[in-house]
Amino acid sequence: MQTFNVPSQLRYSEDHEWTKIEGNRVYLGITDYAQDALGDVVYIDLPEVGTAVHKGEAFSEVESTKSVSEIYAPVSGVIAQINSDLVDHPERLNEDPYGEGWICVIETTDLSEVDQLMDGAAYSQLTESVE
């Protein structure tokens with residue numbers, strides 16, 4: 001059974017996105033598990049800064065050699081920043097999903113939604129049950 005990197009300081013969604021909370025700003029990316037399942041990422045459709053997103057709704061897509069997967073908002077808010085480096089280097093989602101592979105920052109309007117996300121231990125259990 002494969003073991004995936006699940007940093008304990010992050011929070012996770014059931015859709016395999018990770019979040020790092022800094023005040024009311026929520027950094028977002030895909031998990032190590034998600035990038036492994038996708039295979040080699042070849043393209044990402046980044047959202048536009050200023051776009052309103054709603055928890056649980058798709059707002060972006062990642063295309064890999066295997067498939068196209070949607071990215072879902074783990075919290076509601078407005079896109080405050082995007083990682084435009086991913087346009088030319090989508091492979092960073094595979095190489096460094098928790099660092100250089102971050103996708104965007106959502107300025108959240110409801111911090112209580114963060115409390116509904118999983119901690120590292122719960123996310124590890126979720127990925128182990130999928131294996």
Side-chain angles (χ1 to χ4, degrees):
M1 184 167 100
Q2 188 169 353
T3 304
F4 296 98
N5 182 12
V6 181
S8 60
Q9 73 275 20
L10 303 177
R11 303 286 289 203
Y12 301 89
S13 74
E14 290 181 5
D15 298 310
H16 307 290
E17 286 96 18
W18 61 262
T19 59
K20 178 174 77 172
I21 291 68
E22 291 185 0
N24 68 336
R25 294 170 65 87
V26 178
Y27 286 76
L28 166 83
I30 62 171
T31 65
D32 188 30
Y33 176 88
Q35 71 78 24
D36 182 72
L38 279 168
D40 294 334
V41 175
V42 295
Y43 174 78
I44 180 163
D45 178 29
L46 291 168
E48 298 215 7
V49 171
T51 302
V53 296
H54 303 283
K55 180 181 170 153
E57 291 184 3
F59 70 91
S60 179
E61 284 184 344
V62 174
E63 188 175 321
S64 71
T65 53
K66 292 182 185 178
S67 66
V68 175
S69 293
E70 293 188 320
I71 304 296
Y72 297 92
V75 295
S76 300
V78 174
I79 303 295
Q81 189 177 347
I82 59 167
N83 184 355
S84 55
D85 289 345
L86 294 178
V87 172
D88 294 327
H89 302 285
E91 69 278 2
R92 289 188 177 148
L93 289 167
N94 294 112
E95 296 166 355
D96 189 12
Y98 300 114
E100 294 294 316
W102 65 277
I103 295 171
C104 66
V105 176
I106 299 172
E107 209 160 273
T108 185
T109 50
D110 186 358
L111 268 175
S112 70
E113 290 178 338
V114 170
D115 297 334
Q116 298 164 21
L117 298 171
M118 291 177 270
D119 63 13
Y123 183 71
S124 290
Q125 281 187 318
L126 174 74
T127 59
E128 288 167 11
S129 68
V130 175
E131 291 283 307

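A quick note: this is a predicted structure, and the numbers were derived from the prediction, not measured.
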Quick one: list whatever passes ring-ring contact (aromatic ring centres under 6.0 Å, His included) with Tyr12, sequence neighbours left out. Tyr123

Name every donor-acceptor pair, under 3.5 Å, that has one atom in a side chain of residues 36-52 and the other anywhere in the protein, sequence neighbours excluded.
unit_1 : atom_1 : unit_2 : atom_2 : d
Thr51  : OG1    : Glu48  : O      : 2.7

Do Tyr72 and Ser60 pass the side-chain contact (heavy atoms from CB on, under 4.5 Å) test, and can you show the C-alpha distance, the side-chain angles, and the key distance before you say yes or no? CA-CA 7 Å; Tyr72 297 92; Ser60 179; over 6 Å; no

Taking only residues two or more places apart in sequence, or in another chain, which ones meet Tyr27 in a ring-ring contact (aromatic ring centres under 6.0 Å, His included)? Trp102

Value for CG (Asn24) from CD (Glu107), rounded to nearest 0.5 Å, stands at 5.0 Å

Evaluation steps, side-chain contact (heavy atoms from CB on, under 4.5 Å), between Tyr98 and Trp18: CA-CA 8 Å; Tyr98 300 114; Trp18 61 262; 3.4 Å; yes

So, taking the atom named CG in Leu111 and the one named CD1 in Ile21, what distance separates them when rounded to the nearest 0.5 Å? 8.0 Å

Quick one: are Glu95 and His89 in side-chain contact, heavy atoms under 4.5 Å? no

Sequence-distant partners of Asp110, side chain to side chain donor-acceptor pair (under 3.5 Å), two or more places apart: Ser112

Any chance you could measure Ser8, atom OG, to Leu10, atom CG, to the nearest 0.5 Å? 8.0 Å

Do any N or O atoms from the side chain of Asn83 and from the backbone of Ile103 form a donor-acceptor pair under 3.5 angstrom? no

List the residues meeting salt bridge (charged side-chain N to carboxylate O under 4.0 Å, His left out) with Glu91, not counting sequence neighbours, and say none if there are none. none

In terms of hydrophobic clusters joined by side-chain contacts under 4.5 Å, are Val105 and Phe59 together? no

Examine distances only and state if a side-chain atom of Arg11 and a backbone atom of Asp119 form a donor-acceptor pair shorter than 3.5 Å. no

How far does NE2 of His16 sit from CD1 of Ile71, to the nearest 0.5 angstrom? 11.0 Å

Report whether Val53 and Ile82 are members of the same hydrophobic cluster (ILVMFWY, side-chain heavy atoms less than 4.5 Å apart, transitive linking). yes

Residues Glu14, Met118; criterion side-chain contact (heavy atoms from CB on, under 4.5 Å); working and verdict: CA-CA 8 Å; Glu14 290 181 5; Met118 291 177 270; 3.6 Å; yes

Ser76: which residues meet the side chain to side chain donor-acceptor pair (under 3.5 Å) condition with it, sequence neighbours left out? Glu113

Which residues satisfy the side chain to side chain contact (heavy atoms under 4.5 Å, CB included) test with Ser124, sequence neighbours excluded? Val6, Glu128

Check salt bridge (charged side-chain N to carboxylate O under 4.0 Å, His left out) between Arg92 and all other residues, then give those that pass, not counting sequence neighbours. Asp85

Check for me, please, whether Val114 and Leu28 land in the same ILVMFWY cluster - side-chain distances under 4.5 Å, paths through other members count. yes

Got a second to check how far Gln35's CD is from Leu93's CG, nearest 0.5 Å? 8.5 Å

Partners of Glu63 by side chain to side chain donor-acceptor pair (under 3.5 Å), sequence neighbours excluded? none

Worked verdict on Lys55 versus Val75 for side-chain contact (heavy atoms from CB on, under 4.5 Å): CA-CA 4 Å; Lys55 180 181 170 153; Val75 295; 5.5 Å; no

Not counting sequence neighbours, which residues clear side chain to side chain donor-acceptor pair (under 3.5 Å) with Glu100? List them please. none

Counting only heavy atoms not in Gln116 (residues, nucleotides, ligands), do more than 12 fall under 6.0 Å from its CD? yes

Do you know which two heavy atoms are closest between Pro74 and Ile106, and how far apart they sit? CD-CD1, 4.3 Å

Of all residues at least two apart in sequence or in a different chain, which pass the salt bridge (charged side-chain N to carboxylate O under 4.0 Å, His left out) check with Glu22? Lys20

Using the salt bridge (charged side-chain N to carboxylate O under 4.0 Å, His left out) rule, collect all pairs that involve residues 72-84, keeping only residues at least two apart or in two chains. none

